[in-house]
Amino acid sequence: MNCYQCGCTLSEHEFCTNCGADVSLYKRIIYISNRFYNDGLEKAGVRDLTGAITSLRQSLKFDKNNVEARNLLGLVYFETGEVVAALSEWVISKNLRPKKNIADDYINMIQTNQNRLDTINQTIKKYNQALTYCNQDSLDLAVIQLKKVLSLNPKFIRAHQLLALLYINNEEWEKAKRELGKCLEIDTNNTATLRYLKEVDEMVLPEDGARGGSKKKKSDEVLKYQSGNETIIQPVNIKEGRGVTSLLNLGIGLAIGIAIAFFLILPARIQTAKAGIDENLKKVSEQSDAKTATIDELQQQLGELRTQNETLQQDLSAYMGADGSMQSVESLMKAAGAYLTDPEDITTVVGYLDEIESEKAKEEEQESSEAFDNLYNTLFALVGPQIAESYDEEGHNAFWAGNYEEAIPNLAKAYQYDVTNGQALFDLANSYYRLGDEARAKELYEEVIRLFPNTEKADKSEGFLAEMGSGQE
């Protein structure tokens with residue numbers, strides 16, 4: 001227990017050892033609040049929920065900060081179906097003690113479950129609608145509405161009590177007593193329930209004997225209850241002889257009933273059951289046939305999809321490998337990356353560009369994209385002169401050494417990367433001429449004359465063409 005003034009822990013003294021405040025009356029109030037809390041806890045343990053609510057409210061009157069009493073009061077409200085009242089107590093408790101408070105779990109239990117929240121809202125709306133029907137004297141609709149409420153929240157005591165009142169109004173005593181019994185299972189000492197039950201019992205209890213001590217014999221006891229404007233009187237006990245006769249008649253009737261059931265009712269029931277089984281088997285067979293047809297159709301679709309997949313895979317493989325379009329793009333990217341990494345490493349760039357040229361030869365019928373052409377032309381303009389110079393040097397070295405077979409590819413590359421290099425084209429033609437391939441040499445000499453007119457190379461090319469022409473004659 002803490003001091004109400006400074007918050008210090010109190011000792012057995014009647015004053016605070018920290019601030020000196022007189023806490024005798026404060027201790028007495030807290031003690032009374034705890035006594036009422038303990039009393040409420042005991043009553044809740046034996047399902048005297050009404051008594052528990054009364055005690056817990058008294059506890060909170062003496063100490064509104066008694067968090068344990070407030071949490072227990074919320075639980076009792078929740079058990080009686082009063083969810084809104086329970087949430088109110090738990091919210092107040094949480095505000096009084098924000099941390100380490102079990103009220104958090106209770107609140108989360110309801111608020112995190114959307115279905116439970118919807119059920120609570122529907123319960124409140126339907127109960128209010130039932131009250132409206134009662135005020136409008138639409139009692140049948142009120143009964144229907146209350147049954148829906150109890151299907152959603154079977155522990156809602158007020159709904160049980162209102163339904164019992166409606167049954168009493170309609171003189172349906174047994175139904176009223178059944179509803180009140182459900183109330184007593186939830187709250188054993190609810191004053192309103194006990195009062196309603198007393199009214200019902202007065203209508204169905206056996207007739208009392210003469211007041212003042214005289215009692216009737218058991219054979220004279222009767223059961224009396226009111227049905228509308230009539231009073232129904234039913235004997236409770238009968239004479240011993242009549243009891244034996246009744247038992248004998250009951251036994252004979254039971255035997256006759258069994259015989260009738262065995263010879264008449266049972267065969268018809270068996271026949272009906274067989275017909276039902278045959279009908280079920282027919283339905284199962286039809287369903288099985290339908291499923292079999294569906295499975296066959298799905299398998300056929302699966303086969304078609306597999307065929308389409310294989311075709312697409314083949315098309316993709318062809319696109320990736322045969323026409324070379326993807327390889328060309330990849331080679332161009334590698335060439336650009338190699339140049340950006342090391343501009344001096346012309347050999348690597350040349351290798352990738354050669355791959356592109358070889359792929360271009362395969363895809364003559366396909367047009368490359370504008371972005372591809374722009375990047376290729378830009379890269380070619382940057383490294384073309386250096387590549388052409390390298391191939392030109394190697395080709396002419398081989399040419400002057402008489403190694404024409406080695407000179408041909410280098411000179412061809414030198415001219416490919418520098419179309420202004422007429423000497424490379426002229427010596428390429430000379431190499432083919434020296435190897436005896438006059439047809440190819442003739443084509444190249446003519447190209448020299450066409451591309452480089454009025455030059456010494458063009459004049460010499462005309463002379464070689466003339467020699468080849470005279471040789472053929």
Side-chain angles (χ1 to χ4, degrees), residues 43-44 46-54 56-57 72-91 106-107 109-205 223 225-230 232:
K43 291 180 178 179
V46 296
R47 300 203 70 82
D48 181 8
L49 302 185
T50 301
I53 290 173
T54 303
L56 292 171
R57 283 179 174 175
L72 180 57
L73 180 59
L75 284 176
V76 175
Y77 279 139
F78 187 81
E79 185 66 17
T80 59
E82 302 288 345
V83 182
V84 177
L87 282 173
S88 299
E89 296 298 332
W90 291 334
V91 170
Y106 299 152
I107 295 172
M109 176 185 65
I110 296 176
Q111 291 183 345
T112 57
N113 191 332
Q114 187 62 40
N115 291 333
R116 178 170 292 179
L117 277 177
D118 293 340
T119 301
I120 293 170
N121 292 333
Q122 291 295 325
T123 302
I124 296 172
K125 291 179 181 179
K126 292 182 183 298
Y127 179 74
N128 292 334
Q129 185 63 45
L131 291 176
T132 302
Y133 285 147
C134 290
N135 293 329
Q136 295 174 354
D137 203 22
S138 301
L139 302 184
D140 293 338
L141 295 177
V143 170
I144 295 173
Q145 203 70 13
L146 287 172
K147 287 182 178 179
K148 293 181 180 178
V149 170
L150 293 174
S151 67
L152 296 174
N153 187 359
K155 294 184 178 181
F156 198 0
I157 290 181
R158 285 195 294 168
H160 282 295
Q161 292 172 342
L162 182 56
L163 183 59
L165 280 177
L166 294 174
Y167 285 145
I168 292 173
N169 183 72
N170 294 332
E171 298 182 358
E172 298 178 9
W173 312 111
E174 292 300 327
K175 291 183 179 180
K177 191 171 184 178
R178 186 164 55 250
E179 291 299 326
L180 294 173
K182 294 178 182 179
C183 291
L184 291 179
E185 291 178 0
I186 301 171
D187 185 2
T188 59
N189 197 28
N190 188 282
T191 306
T193 302
L194 294 175
R195 185 170 70 252
Y196 300 157
L197 189 60
K198 181 181 178 182
E199 296 293 332
V200 174
D201 288 340
E202 288 180 356
M203 302 304 298
V204 297
L205 282 177
L223 179 65
Y225 61 92
Q226 194 77 16
S227 177
N229 296 326
E230 298 179 356
I232 307 300

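Predicted model only: the values in this text are computed from it and were never measured. In what follows, every heavy atom counts, from backbone to side chain, and hydrogens, waters and symmetry copies are set aside.
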Task: Y77: which of L56, I53, V84 passes side chain to side chain contact (heavy atoms under 4.5 Å, CB included) - done: I53
- [ ] Using the side chain to side chain contact (heavy atoms under 4.5 Å, CB included) rule, pick out the option among D201, V200, L194 that qualifies with L180.
- [x] V200
Measure the shortest side-chain to side-chain distance between [X] and [Y] over non-hydrogen atoms and say whether it is less than 4.5 angstrom.
X: Q129; Y: Y133; answer: yes
X: L162; Y: Y127; answer: yes
X: E171; Y: M203; answer: no
X: L163; Y: V143; answer: yes
X: C134; Y: L165; answer: no

Locate the shortest heavy-atom distance separating [X] from [Y]; write the atom from each residue and the value.
X: K126; Y: Q145; answer: O-CG, 3.1 Å
X: N153; Y: G81; answer: ND2-O, 3.4 Å
X: D48; Y: G51; answer: OD1-N, 3.2 Å
X: A142; Y: A130; answer: CB-O, 3.7 Å
X: A52; Y: A44; answer: CB-N, 3.8 Å

Using the salt bridge (Lys or Arg N to Asp or Glu O under 4.0 Å) criterion, which residues pair with [X]? Sequence neighbours excluded.
X: K43; answer: D39
X: R116; answer: none
X: E172; answer: K175
X: E79; answer: R47, K155

About how many Å separate [atom2] of [Y] and [atom1] of [X], when rounded to the nearest 0.5 Å?
X: L197; Y: L184; atom1: CG; atom2: CG; answer: 6.0 Å
X: C183; Y: L49; atom1: SG; atom2: CG; answer: 11.5 Å
X: Y167; Y: L139; atom1: OH; atom2: CG; answer: 12.5 Å
X: N135; Y: D137; atom1: CG; atom2: CG; answer: 9.5 Å
X: E82; Y: F156; atom1: CD; atom2: CZ; answer: 4.5 Å

Open item on the list: Using the side-chain hydrogen bond (donor to acceptor under 3.5 Å, both in side chains) criterion, which residues pair with T50? Sequence neighbours excluded.
Closed with: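 Scan of T50 (side-chain hydrogen bond (donor to acceptor under 3.5 Å, both in side chains), adjacent residues dropped) gives D187, N190.
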Task: Listed partners of R195 passing side-chain hydrogen bond (donor to acceptor under 3.5 Å, both in side chains), at least two apart - done: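 If we apply the side-chain hydrogen bond (donor to acceptor under 3.5 Å, both in side chains) test to R195, skipping adjacent residues, there are no hits.
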Open item on the list: With side-chain contact (heavy atoms from CB on, under 4.5 Å) as the criterion, how do W90 and F78 come out once you've worked through the C-alpha distance, each side chain's angles and the decisive distance to 0.1 Å?
Closed with: CA-CA 11 Å; W90 291 334; F78 187 81; 4.1 Å; yes
Donor-acceptor contact below 3.5 Å, side chain [X] vs main chain [Y]:
X: T193; Y: N189; value: no
X: N128; Y: I124; value: yes
X: T119; Y: N115; value: yes
X: H160; Y: L150; value: no

Open item on the list: Are there over 12 heavy-atom neighbours, none belonging to Q122, within less than 6.0 Å of that residue's CD?
Closed with: yes
- [ ] For atom CG of D140, decide whether the heavy atoms of other residues, nucleotides or ligands shown that lie under 6.0 angstrom number more than 12.
- [x] no
